[in-house]
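To start, the structure itself, in structure tokens.
Every number for a ligand or one of its atoms is a count from 1 in the order of the listing.
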Amino acid sequence: MSKTYKIAVLPGDGTGPEVVREGVKVLESAAAKFGFKLDLHHYDLGGERYLKTGETCPASVIKELRGYDAIFLGAIGHPDVKPGILEKGILLTLRFELDQYINLRPVKLFPGVDCPLKNKGPEQIDYVVVRENSGGMYTGTGGIMMKGTPHEVAVQNMLYSRFQVERCLRYAFEYARKRNKRKTLALSGKTNVLTFVFDLWERAFHEVGQKDYPDIKREYYHVDATTMWMVKNPEWFDVIVTENLFGDIITDLGAMTQGGMGIAAGGNINPEGVSMFEPIGGSAPKYTGKNVINPLAAICAGQMMLGELGETKASDAIEKAVMFATSNKLKSMAAGKMGFSTVEVGDMVAAQVAG
Ligand code: IPM
Ligand code: MN
């Protein structure tokens, strides 16, 4: 009996459905080749549903999603919906409700991909950012007082518990160990200004590291310096761990150094629960329905998903197939400049996986 994975597919808005279609095509190809099955269930969460019904992510859907092996997400964001509603109502709600407390974002330059950094290639750009995904500024604590008056005050708190910090650090240490590359974990913070939150992070980092991960080398960088070295000496990094908002910001920079939003993927991970995989880029409304968007980021999100599900061979095969496409076929990672359509890129990778 072959194994069956129950996957919730959330194509979402804009180009989400187009890239998810190609992602699913590649996943199906890997399933056929490596002898497992996919039981896919589509959900229509997104801007269109919100405009029709006023619903973002109903509690009943969240309840159902808890019963899946993984979630495969396209993109959230609609030009007719005010910014914040869908992001908070769908993406962040899912991350929080399913307690996907890690946002895993590999920064890996594939062969043949144009890199904006001078003299840097796949040898130099290959590290992983472990972004804390449940706390910090994203908890939404704070408020506005005396709104609309000259004395208006707005507060947004960076909130962290020892529990949140420690579970994230432990994940990052384990990841550095499993990755077994340079066995180095870099904490990216701001101990010189955020003297409360990063005091907690730094103490926990060294306590946990010293006690349980003596084989992993510990480094510390301020977040501003981190961005500098990500550009100047990306080869210094192996695994970077950081708080939520810093992670959000530095992974966009990381994505650009690996060829841009057309190729960057990430996983919202609950190591004990249901994880959700997505291309990092947005819904790209201006390219919607044109068959020009790059599906490789979604395909790589699917590849990460299979890796997380334990289908290592299938995951590696997809990565190899993507590398084949980037080194031999695609002219560019940018929408409309690939030299192929969205569907053609999906077909090419799926065929390569099938072998
Ligand atoms: C990301 C996005 C989200 C975030 C937005 C859309 C809420 O930028 O996944 O990086 O800030 O986490
Ligand atoms: Mn972001």
**Q.** Pair Lys217 + Asp238: basic N to acidic O under 4.0 Å
**A.** no
Q. Without hydrogens or angle criteria, can the side chains of His41 and Asp39 be said to hold a donor-acceptor pair below 3.5 Å?
A. yes
For ligand 1, run through the N/O pairs with the protein that fall under 3.5 Å and put one pair on each line.
from     : atom 1 : to     : atom 2 : distance (Å)
ligand 1 : 8 (O)  : Asp248 : OD1    : 3.3
ligand 1 : 9 (O)  : Arg95  : NH2    : 2.7
ligand 1 : 9 (O)  : Arg105 : NH2    : 2.9
ligand 1 : 10 (O) : Arg105 : NH1    : 3.1
ligand 1 : 10 (O) : Arg105 : NH2    : 3.1
ligand 1 : 10 (O) : Arg131 : NH1    : 3.3
ligand 1 : 10 (O) : Asp248 : OD1    : 2.8
ligand 1 : 11 (O) : Tyr138 : OH     : 2.6
ligand 1 : 12 (O) : Arg95  : NH1    : 2.7
ligand 1 : 12 (O) : Arg131 : NH1    : 3.3
ligand 1 : 12 (O) : Arg131 : NH2    : 2.8

Side-chain donor/acceptor pairs under 3.5 Å, residues 71-86, sequence neighbours excluded:
from  : atom 1 : to    : atom 2 : distance (Å)
His78 : ND1    : Asp80 : N      : 3.0
His78 : NE2    : Glu48 : OE2    : 2.9

Q: At a cut-off of 2.8 Å, list the protein N/O/S atoms near the Mn ion (ligand 2), residue plus atom name.
A: Asp248 OD1
**Q.** Pair Phe237 + Tyr221: ring centers closer than 6.0 Å
**A.** yes
Q) Got a donor-acceptor contact below 3.5 angstrom from the Asn133 side chain to the Gln100 backbone? A) yes
Q) What pairs of residues pass the salt bridge (Lys or Arg N to Asp or Glu O under 4.0 Å) test when at least one of them lies in residues 102-124, not counting sequence neighbours? A) Lys108-Glu319, Lys120-Glu235
Q) So do Val322 and Ile263 actually touch side chain to side chain, heavy atoms under 4.5 Å? A) yes
Q. Do Phe110 and Phe324 have ring centroids that are under 6.0 Å from one another?
A. no
(Q) Please determine whether a side-chain nitrogen of the Lys or Arg among Glu278 and Arg95 lies less than 4.0 Å from a carboxylate oxygen of the Asp or Glu. (A) yes
